Amino acid sequence: MTKILITLLFSSVILLAQHTVALQVLGSGGPEMGDKRASSAYIVWIDGKSKVLIDFGGGASLRFEEVNAKIADLDVILLTHLHVDHTADIPALLKAAFFTRASGNLLVYGPEKNAYMPNTKVFIKRLFDEDKGVWKYLGDHLNGDARLQIKAFTIEQSHQNKVIYARNGIRITAVSVHHGIIPAIAYRIDIGNKSITFSGDMNGDYHTLEKLAKGTDILVAHNAVPKGSTGVAAQLHMTPTIIGQIAKKSHPKKLILSHRMLRTLGKEKETKREIRKYYKGNMQFANDRSYYKIR
Ligand SMILES: [Zn+2]
């Protein structure tokens with residue numbers, strides 16, 4: 001009897017300690033107009049709160065309000081890279097914050113600079129700095145005056161997994177991925193024993209995502225190019241073959257295909273067939289507002 005009671009008590013403590021975690025796709029498209037999708041953006045919901053944003057491309061702010069996400073609940077924004085289709089709605093989010101009770105620090109992480117991109121800290125400065133920012137009228141979000149402060153951090157290039165954030169039961173790990181000439185990062189978010197991994201845009205050349213995504217609950221992979229792509233397209237993005245090979249090695253419980261573009265839309269059967277050669281697990285194509293709760 002005592003044994004049963006202890007077991008019951010122990011399992012209820014474990015249940016209490018477990019967080020509810022869900023992925024919501026805000027934007028399942030790429031940079032094109034005509035795909036009827038917002039550009040790249042995702043929310044990680046933790047215990048019913050919109051805690052982490054991954055990318056915030058064009059159209060994401062409308063989806064953000066459609067799914068009743070709250071700016072005040074956000075702790076962190078993770079930018080996989082600084083292309084327009086992953087960052088364009090950030091100014092809209094910051095302006096909207098003025099009309100909410102959002103306060104404290106909102107942390108923004110993203111990649112380092114190269115000849116084609118500023119680093120993430122400079123990127124945010126160029127948007128909002130009170131002297132030189134293009135939207136300098138929002139400079140009080142950087143200089144300490146506004147209730148909500150943006151704190152930007154640049155993640156150095158690394159082919160080793162690096163924990164960049166560990167707070168309130170959320171652990172975020174980053175690693176560099178190959179996206180043509182653009183510095184880019186994949187992220188894994190662990191909340192207790194649940195995790196979601198985001199490839200961002202990448203072509204697989206660094207072979208870093210396999211390790212980052214190992215055993216993850218959900219892997220969000222960007223399906224921007226069809227089977228057989230070559231040249232620039234294959235320098236920038238994973239073909240279905242590469243997605244399948246990475247999924248085989250990392251073995252996510254669920255594979256979500258997103259960043260769908262006009263060149264991959266309508267080719268889902270072919271894409272699925274190719275990925276299936278390597279990965280036999282659960283696979284789904286994302287749409288805007290798709291919601292996946294981790295069981
Ligand atoms: Zn993109």
Side-chain angles (χ1 to χ4, degrees), residues 23-43 52-64 77-93 108-114 116-120 123 127 155 157 174-187 196-206 208-209 212-213 219-227 229-240 242-243 246 255-265 267-268 271 285-290:
L23 161 73
Q24 186 144 37
V25 178
L26 294 181
S28 59
E32 295 159 307
M33 291 185 186
D35 58 3
K36 311 279 199 299
R37 291 161 193 271
S39 298
S40 183
Y42 308 92
I43 291 177
V52 185
L53 267 187
I54 298 85
D55 289 342
F56 210 62
S61 54
L62 175 61
R63 299 289 181 250
F64 189 90
I77 301 176
L78 304 171
L79 302 175
T80 61
H81 62 293
L82 305 180
H83 271 155
V84 169
D85 58 318
H86 296 253
T87 58
D89 266 11
I90 288 174
L93 183 86
V108 179
Y109 291 87
E112 63 179 355
K113 69 170 183 176
N114 72 357
Y116 305 94
M117 287 286 170
N119 74 39
T120 301
F123 175 78
L127 292 179
I155 302 169
Q157 158 113 0
V175 75
S176 293
V177 287
H178 185 273
H179 182 41
I181 52 169
I182 301 300
I185 292 173
Y187 295 98
I196 307 173
T197 305
F198 297 87
S199 73
D201 291 4
M202 54 167 272
N203 82 339
D205 273 8
Y206 291 167
T208 48
L209 181 63
L212 182 75
L219 170 59
V220 181
H222 283 187
N223 174 220
V225 298
K227 183 185 164 193
S229 293
T230 54
V232 178
Q235 268 300 304
L236 290 167
H237 296 291
M238 298 181 273
T239 59
I242 302 285
I243 294 175
I246 290 171
L255 176 65
I256 300 297
L257 300 162
S258 189
H259 202 289
R260 304 169 68 187
M261 295 182 62
L262 296 177
R263 54 202 178 184
T264 49
L265 287 164
K267 292 190 174 163
E268 288 76 11
T271 299
F285 288 90
N287 292 309
D288 287 14
R289 296 185 300 266
S290 287

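Keep in mind that what you see is a predicted model, and the values were worked out from it rather than measured. Counting convention: from 1, in listed order, for ligands and their atoms alike.
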Original post:
Judged by atom type as modelled, is there a donor-acceptor pair below 3.5 Å linking the side chain of Glu268 to the main-chain atoms of Phe285?
Top reply: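 Looks like no, no N/O pair under 3.5 Å.
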**OP:** Kindly say whether Ser290 contributes a backbone atom to a donor-acceptor pair with the side chain of Asn287 at under 3.5 angstrom?
**Re:**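 Between the backbone of Ser290 and the side chain of Asn287 there is no qualifying donor-acceptor contact (under 3.5 Å).
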Subject >> Side chains of Asp89 and Ser61, donor plus acceptor under 3.5 Å >> reply: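 Looking only at side-chain atoms, Ser61 and Asp89 do form a donor-acceptor pair, the distance falling under 3.5 Å.
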Original post:
Hey, what's the angle at the Zn ion (ligand 1) spanning OD2 (Asp201) and OD2 (Asp85), nearest 10 degrees?
Top reply: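 Vertex at the Zn ion (ligand 1): approximately 170°.
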Original post:
So what does the His86 NE2 - the Zn ion (ligand 1) - His259 NE2 angle come to, to 10°?
Top reply: 100°
**OP:** Please confirm if an N, O or S atom belonging to His222, backbone or side chain, lies less than 2.8 Å from the Zn ion (ligand 1).
**Re:** no
Subject >> Given Asp201, Thr208, Asn203, the one that forms side chain to side chain donor-acceptor pair (under 3.5 Å) with His178 >> reply: Asn203
